[in-house]
Amino acid sequence: GPEPGPAGQPAAMASTLPAAVGLGAAGAAVATASAGIPTAPGFGALSTAGAGGGGGAASTVASSAAGTAAVASGATAAAGPSSHLTKKIQKAKTLRVDSQTTRDALRCLSSFFEENTVQTRRNLRTTIESQNLLLHQEFVDSFSKLENYIQNLDRLVNALDSACDRASSQLRQSKSDTQAILEKASALRNESKAIDEKQEVLTHFLARFRVSEADTQLVRSGDTPLDEDFFGAFERLEQVRKNARQLLNTCGQQTSGVDILHETSEILEASYERMFVWVQQQCRSPKAAAALTAQPATSSSAAAGVEGDMAVGAVLRRVLTLLVERPVYFNHCIRDISRVRRQALVQRFFEALSQGDAASGSRPIELQACDPVRYVGDMLAWIHENAAAEREAIASLMGRVQSEASSAQPDSGASRGGSGLMESSPAEAGLTLVAFDDILDFTLEGLSQAFSSRVKQVLESQTSIVVVYKIAQVFSFFAKTLEEAIKRKEACLVVMCKDLHARTYQAFLDMWERQAQRLRQGVAGVYVSELGSPPFVVEAANTLSEVLSIYDMSLVPAEEREADFLPVLSAAFDPLLNHCQQVAAMMDASDGQVFLINCIAAMQAPLRNHAFCSQRVTMYTALLDDHVRLLVDGQAAAALAKLGLAERLEALRAKPADAPLSSVPELHPVSLAATLRSFYNSLFTGAVLALPVFERIGNRTLRAEARSGVAGKIAVAYGELYEGVKELDVATHTPDQVRTLLE
């Protein structure tokens with residue numbers, strides 16, 4: 001075999017070959033086997049067998065491995081161990097030819113190791129290094145293109161860097177050249193921004209403190225109607241003036257505020273004048289006047305017919321609300337409206353009297369002229385209804401205005417601030433708004449004369465006391481009702497009703513007085529044979545009974561009724577009672593007493609059912625008790641005298657206490673016994689109480705009371721006589737028995 005190389009050559013080749021070609025441990029083994037190590041006897045056979053079997057890399061490696069093992073064993077036995085070689089051998093022995101890495105290395109080696117000969121194995125390292133060189137050469141060739149690309153890129157980057165430097169220098173030069181322009185542009189931009197802000201502020205200022213031309217034309221022009229556009233423009237005008245006053249108060253801008261108020265004052269006055277002229281035109285135009293006096297519709301058709309009138313009324317209310325700031329205009333307008341409504345109200349009243357109301361279906365009031373009470377009541381009912389409607393209508397026109405004006409006047413100076421220029425409040429000008437009550441009275445006053453003239457005709461033709469009193473009560477009722485409707489005691493219609501009530505009530509009392517005068521003039525010719533209530537007393541009682549039933553329905557409070565009705569009782573019954581007493585004075589005592597009892601009872605009867613007449617009932621009861629007592633005393637004395645008991649009682653009472661009864665002739669037992677027998681017989685026959693004068697008492701209760709009074713007096717007289725003559729033993733009946741018989 002060939003001579004071995006230097007001792008370190010196989011190891012060096014074994015170590016460099018795998019690094020060059022990437023063959024790993026298998027490549028090292030192959031290199032070691034090819035480095036000139038002596039071949040064992042079986043190496044050639046293995047090689048030949050491997051070559052004969054195809055010369056593959058696997059067979060070569062196997063043969064090399066077997067030869068290496070034989071050489072190792074021979075060398076050990078013949079020459080002795082070598083540490084370096086031992087390591088190599090041990091390393092070769094540790095190689096695993098069946099590992100995936102070894103197989104991959106051998107597969108790569110097979111691509112260029114074609115023939116397994118001694119020469120090729122010896123040149124294996126050179127072959128591998130040549131192959132490695134070729135690989136590096138291919139690597140260099142491949143990366144030369146990349147290097148060219150990188151160099152080109154580097155040149156491009158350098159060129160771009162140069163261009164950027166040139167651009168930067170040019171920009172610095174441009175910046176230095178345009179710095180003044182930029183500063184000027186920035187200053188102009190800031191100035192433009194400030195101008196825009198000022199423009200915005202000016203726009204807002206003009207929007208708040210300037211009246212547009214369109215609004216000025218709306219409030220000035222008399223060709224356009226007073227519609228929502230007009231009122232909107234007027235509100236904007238007022239808002240501008242309010243803003244100007246606020247500017248004066250808060251910002252201290254005296255010049256601007258005064259200029260704005262001065263410029264808008266003329267427009268404001270022109271708008272007030274236009275509203276004033278519009279109201280005057282409405283009052284003068286018949287159609288517009290009908291709209292001003294339109295009443296609320298009572299049906300759908302009527303509502304559709306007056307829809308336009310209601311629109312005019314709504315505009316009128318808004319106009320009056322605005323005109324309150326100008327009292328002169330407002331007072332003129334509201335007086336003209338009141339005048340128009342007054343004329344329309346009187347006209348409607350005459351139509352209701354003569355034609356009725358077609359809308360409600362009511363008949364003409366004049367048809368009730370034959371019934372004075374209903375006639376007056378219907379007229380007052382119509383007046384009450386329309387007065388309430390008129391109050392609501394006028395209140396809707398000026399009631400809210402009055403309340404706003406009254407609440408605004410105390411602080412008018414504060415609300416207008418220090419801008420006492422170009423305008424003045426009503427209080428400052430010394431002018432006041434016309435009062436709502438005055439306007440309402442003026443409107444309703446037209447009804448007073450028309451109504452009073454008809455009432456005067458009714459009263460002049462009336463002679464019935466009851467009818468006159470009913471009319472007086474109607475006036476009293478409507479005076480209170482109208483006062484509640486109008487909510488004012490001094491209203492003209494309320495005063496009219498109170499005045500008519502007072503006049504009618506006085507006429508009612510005068511009629512009673514005239515009747516009393518007629519009675520006083522005819523006292524001498526009056527004589528009542530039946531002693532009952534005469535016709536004039538009965539008629540007066542019946543009349544007063546009707547008056548009382550009417551008064552019960554009045555609105556007078558219960559606690560005031562007695563004092564309120566007392567003049568009627570005095571006028572009706574006081575002259576009548578005096579007349580009856582004068583007539584009774586011309587009769588016998590008993591007849592006069594019975595006559596007065598019947599008259600007083602007749603006058604008392606209608607008063608018993610009314611609590612407010614209790615005082616007069618009590619007075620009449622006392623009079624009746626007095627007259628009944630006088631009548632009982634007289635009749636009892638007459639009965640005792642007729643029975644003979646009166647003479648015996650007088651003798652008994654006149655007898656001295658120590659004188660015997662037999663010494664008194666009137667108390668002699670024989671004569672006394674005869675008198676008592678006659679008395680007893682009268683008791684059994686009823687002749688004792690047979691008093692015809694009592695039968696003429698019309699009141700059954702008073703008649704029974706009178707009989708009971710006479711019986712009681714007779715029983716008392718008999719008891720006194722019985723006790724006085726008891727010792728004579730001539731009285732056969734005790735006082736109790738006699739009382740029983742008398743009852």
Side-chain angles (χ1 to χ4, degrees), residues 372-374 376-377 380-381 383-384 455 458-459 462 464-491 493-516 533 536-580 599-625 699 701:
V373 179
R374 184 172 180 182
V376 173
L380 285 174
I383 290 174
H384 172 266
V455 170
V458 170
L459 294 178
Q462 192 54 240
S464 173
I465 295 179
V466 176
V467 171
V468 172
Y469 186 74
K470 286 182 178 179
I471 295 174
Q473 290 302 108
V474 169
F475 287 140
S476 176
F477 171 78
F478 275 100
K480 295 180 175 62
T481 306
L482 286 171
E483 181 179 340
E484 295 176 357
I486 301 177
K487 297 179 176 59
R488 183 166 170 258
K489 292 183 179 181
E490 295 79 12
L493 291 181
V494 177
V495 173
M496 177 195 72
C497 287
K498 290 181 178 180
D499 180 61
L500 289 175
H501 167 70
R503 289 164 54 187
T504 310
Y505 187 74
Q506 188 59 44
F508 166 73
L509 297 179
D510 292 343
M511 294 178 74
W512 282 111
E513 181 61 27
R514 287 194 295 272
Q515 183 175 350
S533 301
F536 58 84
V537 174
V538 176
E539 181 182 356
N542 293 335
T543 301
L544 189 63
S545 179
E546 294 184 30
V547 170
L548 286 168
S549 62
I550 297 169
Y551 189 78
D552 270 340
M553 297 182 290
S554 66
L555 300 178
V556 180
E559 61 274 9
E560 300 177 6
R561 289 196 167 197
E562 185 170 357
D564 183 67
F565 197 73
L566 184 59
V568 178
L569 292 176
S570 300
F573 280 171
D574 288 353
L576 189 63
L577 181 60
N578 292 334
H579 178 68
C580 292
C599 291
I600 295 173
M603 289 186 286
Q604 187 190 42
L607 307 180
R608 290 182 177 275
N609 299 326
H610 304 279
F612 55 88
C613 298
S614 59
Q615 183 179 359
R616 187 55 65 106
V617 170
T618 303
M619 185 187 76
Y620 287 156
T621 301
L623 288 176
L624 287 174
D625 292 342
N699 189 292
T701 302

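In this chain, numbering begins with 1 at the start of the sequence shown.
For the atom pair Ser554 OG and Asp564 CG, the distance stands at 7.0 Å (nearest 0.5 Å). Annotation: the span from Trp512 atom CH2 to Tyr469 atom OH amounts to 11.0 Å, rounded to 0.5 Å. Here Asn699 contributes atom CG and Ile600 contributes atom CD1; the two are 12.0 Å apart, rounded to the nearest 0.5 Å. Within the model, atoms CD1 of Ile550 and NZ of Lys470 stand 4.5 Å from one another, a figure rounded to the nearest 0.5 Å. For the atom pair CD1 (Ile383) and SG (Cys497), the distance works out to 7.0 Å, reported to the nearest 0.5 Å.
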**OP:** Evaluate side chain to side chain contact (heavy atoms under 4.5 Å, CB included) for Val568 paired with Leu548, printing each intermediate quantity in order.
**Re:** CA-CA 10 Å; Val568 178; Leu548 286 168; over 6 Å; no
Which atom pairs, one a donor and one an acceptor, fall under 3.5 Å between side chains of residues 502-511 and the rest of the protein, sequence neighbours left out?
from	atom 1	to	atom 2	distance (Å)
Thr504	OG1	Leu500	O	2.6
Gln506	NE2	Asp510	OD1	2.9

For residues 605-612, which side-chain N or O atoms pair as donor and acceptor with protein atoms under 3.5 Å away, sequence neighbours left out?
from	atom 1	to	atom 2	distance (Å)
Arg608	NH2	Gln604	OE1	2.5
His610	ND1	Asp552	OD2	3.0

What donor-acceptor contacts under 3.5 angstrom involve side-chain atoms of residues 473-481, with partners at least two apart or in another chain?
from	atom 1	to	atom 2	distance (Å)
Ser476	OG	Lys480	NZ	3.3
Thr481	OG1	Phe477	O	2.8

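Side chain of Thr618 to main chain of Ser614: a donor-acceptor pair is present (N/O by atom type, distance under 3.5 Å, no hydrogens or angles). A donor-acceptor pair under 3.5 Å is formed between the side chain of Asn578 and the backbone N or O of Asp574. The backbone N or O of Leu566 sits nowhere less than 3.5 Å from a side-chain atom of Arg616 that would complete a donor-acceptor pair. With hydrogens and angles ignored, the 3.5 Å screen pairs no side-chain donor or acceptor of Asp499 with any backbone N or O of Val495.
Between Gln615 and Glu562 there is a side-chain heavy-atom pair separated by less than 4.5 Å. Phe565 places a side-chain heavy atom less than 4.5 Å from the side chain of Cys613.
Between His501 and Ala472 the shortest heavy-atom distance is ND1-O, 2.8 Å. Between Cys599 and Val537 the shortest heavy-atom distance is O-CG1, 4.0 Å. Nearest heavy-atom pair, Arg561 versus Val556, reported as atom, atom and distance to 0.1 Å: NE-O, 3.0 Å. Shown here for Lys489 and Lys498, the closest heavy-atom pair between the two residues is O-NZ, 4.2 Å.
The environment of Arg374 atom CZ is sparse: at most 12 non-hydrogen atoms of other residues, nucleotides or ligands sit within 6.0 angstrom.
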